[in-house]
Enquirer: 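First the structure, which I've put down as structure tokens, then a few questions once you've had a look.
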Amino acid sequence: MSKKSLIASSIVGALALAGSNFASAASLNELQNGEATIVKASAKSQEKINSIYEQTQELLAEYRTVVDETENLKVYNDHVQRLVNDQQAGIDSLERQIGTIQETKKGVVPLMYKMIDSLEEFIALDIPVNLKDRTERLERLKDVMSRQGISVAEQFRLVLEAYEIETDYGSMFSAYQGDLEFEGKNITVDFVHMGRTVLVAQSLDLKNAWIWEHSSREWKALEDEYLSPITKAIRMARKQTAPDLVKLPVYAAGAGE
């Protein structure tokens, strides 16, 4: 091979090698650019994944909160329902009681009228202790029974109270001032009674005394010997002197009948 041919071959070989190196560099750049693109795409995908994960966690937290609130609400609703059931049971019980009360009223009201009638009859037949007060109390009871705005319970309480007062007269030792009718005259006197055993009276000037005779239902004059004991009994009843024994005449209720 001539020198010219060798030189030409060398030149051609050098160009071929240079062309090959250039092609390899271009491919490497393309590969690097592609890898960079892939990395960017991967980073974006990761960002999307992270965003979705965060959203998923937030949704999960909200779900758990809703579940907890739902459980709490269920417990509260059950509690309220028990309260409502208990209140309804109370209402049902009250309605039954009201029905019973209405039925009871139908029996109590006639009973009270009978009690008042019996009380009036008893006062008329009893010894006239505090007769004015007892008669006025009886009239108030009759008035209460005919007035509106007063409950049956209050009416019944007043009737029972009147009966208790009447019962107390049987053991009471008391003195009070009032008028006594004797031989067609009204005389202001001091009365004193020991239960229903004895009821006597004395004029304010301490000169006359009387005793209630239940068999004849009238006042009888007493001898002077009883003036001092009756005066002492009146003072004892008013707590103006210490308790002591006194001699008094006795006409027991019903004596001589």
Side-chain angles (χ1 to χ4, degrees), residues 110-146 155-257:
L111 174 63
M112 287 191 293
Y113 279 108
K114 290 180 181 179
M115 292 175 69
I116 292 173
D117 290 342
S118 297
L119 189 61
E120 183 174 22
E121 183 179 357
F122 175 78
I123 291 173
L125 295 175
D126 194 24
I127 63 174
V129 174
N130 277 322
L131 187 59
K132 181 175 180 294
D133 291 345
R134 295 162 75 185
T135 302
E136 290 177 351
R137 186 179 303 109
L138 184 66
E139 292 304 317
R140 286 196 299 270
L141 281 180
K142 292 180 179 180
D143 180 62
V144 163
M145 294 300 295
S146 61
Q155 291 171 338
F156 193 63
R157 186 191 69 79
L158 292 173
V159 172
L160 290 180
E161 182 180 69
Y163 267 78
E164 289 176 0
I165 292 172
E166 289 297 324
T167 300
D168 290 341
Y169 283 130
S171 58
M172 189 182 298
F173 176 44
S174 67
Y176 59 96
Q177 194 172 101
D179 291 334
L180 177 149
E181 185 176 344
F182 183 72
E183 296 181 348
K185 298 179 181 178
N186 281 329
I187 306 169
T188 301
V189 298
D190 285 322
F191 292 98
V192 62
H193 73 100
M194 295 181 179
R196 289 185 167 87
T197 302
V198 58
L199 173 62
V200 293
Q202 188 175 57
S203 60
L204 300 184
D205 61 9
L206 310 181
K207 294 180 179 180
N208 296 282
W210 299 266
I211 184 171
W212 174 257
E213 186 179 77
H214 197 63
S215 59
S216 62
R217 298 197 60 79
E218 62 181 2
W219 291 97
K220 298 288 186 178
L222 289 172
E223 295 82 1
D224 291 347
E225 63 179 295
Y226 292 107
L227 292 177
S228 180
I230 291 175
T231 301
K232 187 174 183 180
I234 292 171
R235 296 185 62 194
M236 287 168 54
R238 289 174 173 167
K239 302 186 185 313
Q240 295 173 343
T241 188
D244 197 1
L245 294 175
V246 291
K247 180 183 177 181
L248 294 175
V250 174
Y251 282 108
E257 293 183 354

Enquirer: Apply side-chain contact (heavy atoms from CB on, under 4.5 Å) to Ile230 and Leu222, showing your working.
Expert: CA-CA 10 Å; Ile230 291 175; Leu222 289 172; 3.7 Å; yes
Enquirer: Nearest 0.5 Å please: distance from the CG atom of Asp126 over to the CZ atom of Arg217.
Expert: 8.0 Å
Enquirer: For Asp143, what residues pass the salt bridge (Lys or Arg N to Asp or Glu O under 4.0 Å) criterion, not counting sequence neighbours?
Expert: Arg147
Enquirer: Crowded around Glu121 CD? As in, over 12 foreign heavy atoms under 6.0 Å?
Expert: no
Enquirer: Starting at CG of Leu138, measure out to CG of Asp133 and round the result to the nearest 0.5 Å.
Expert: 12.5 Å
Enquirer: Taking the side chain as C-beta and beyond, is there a heavy-atom pair between Ile234 and Val200 under 4.5 Å?
Expert: no
Enquirer: Which heavy atom in Tyr176 sits nearest to a heavy atom in Asn130, and how many Å separate them?
Expert: OH-N, 2.8 Å
Enquirer: Can any side-chain N or O of His214 pair as donor or acceptor with the backbone N or O of Leu125 at less than 3.5 Å?
Expert: yes
Enquirer: Taking the side chain as every heavy atom from C-beta outward, state whether Leu227 and Leu206 have any atom pair closer than 4.5 Å.
Expert: no
Enquirer: Hey, what do you get for NE2 (His193) to CE (Met172), rounding to the nearest 0.5 Å?
Expert: 5.5 Å
Enquirer: Quick test of your reading: applying side-chain hydrogen bond (donor to acceptor under 3.5 Å, both in side chains), list the pairs with at least one residue in residues 227-236, sequence neighbours left out, ordered by first then second residue.
Expert: Gln202-Thr231, Lys232-Asp244
Enquirer: What distance separates Lys239 NZ from Phe173 CZ, expressed to the nearest 0.5 Å?
Expert: 9.0 Å
Enquirer: If every non-hydrogen atom of Met194 is compared with every non-hydrogen atom of Val246, which pair is closest and at what distance?
Expert: CE-CG2, 4.1 Å
Enquirer: Hey, is NZ on Lys142 packed in by over 12 heavy atoms from elsewhere, all under 6.0 Å?
Expert: yes
Enquirer: Would you call Arg137 and Glu161 a side-chain contact if the rule is heavy atoms closer than 4.5 Å?
Expert: no
Enquirer: Which heavy atom of Phe156 sits nearest to which heavy atom of Met115, and what is that distance?
Expert: CE1-SD, 4.1 Å
Enquirer: Return the minimal non-hydrogen interatomic distance between Leu141 and Ala162, and the atom names on each side.
Expert: CD1-CB, 3.7 Å
Enquirer: Ignoring hydrogens and geometry, is there a side-chain-to-backbone donor-acceptor pair from Tyr169 to Val129 under 3.5 Å?
Expert: no
Enquirer: What are the two closest heavy atoms between Arg196 and Glu166, and how far apart are they?
Expert: NH2-O, 2.9 Å
Enquirer: Taking it one step at a time, do Glu164 and Arg157 satisfy salt bridge (Lys or Arg N to Asp or Glu O under 4.0 Å)?
Expert: CA-CA 10 Å; Glu164 289 176 0; Arg157 186 191 69 79; over 6 Å; no
Enquirer: How many angstroms lie between CG in Leu158 and OH in Tyr163, if you round to the nearest 0.5 Å?
Expert: 14.0 Å
Enquirer: Which heavy atom of Ala237 sits nearest a heavy atom of Ser174, and at what distance?
Expert: CB-C, 3.7 Å
Enquirer: State the CD-CD distance between Glu120 and Glu139, to the nearest 0.5 angstrom.
Expert: 7.0 Å
Enquirer: Could you tell me whether the side chain of Arg134 and the main chain of Pro128 form a donor-acceptor pair under 3.5 Å?
Expert: no
Enquirer: Carefully, step by step, assess Ile123 and Leu131 under the rule side-chain contact (heavy atoms from CB on, under 4.5 Å).
Expert: CA-CA 8 Å; Ile123 291 173; Leu131 187 59; 3.8 Å; yes
Enquirer: Throw together a table of side-chain donor-acceptor distances under 3.5 angstrom for residues 183-190, partners on residues two or more places apart or in other chains.
Expert:
{"residue": "Thr188", "atom": "OG1", "partner": "Asp179", "partner atom": "OD1", "Å": "3.1"}
{"residue": "Asp190", "atom": "OD1", "partner": "Gln177", "partner atom": "NE2", "Å": "3.4"}
{"residue": "Asp190", "atom": "OD1", "partner": "Arg238", "partner atom": "NH2", "Å": "2.9"}

Enquirer: Specify whether Phe191 and Trp219 have parallel, tilted or perpendicular ring planes, treating 30° as the upper limit for parallel and 60° as the lower limit for perpendicular.
Expert: tilted
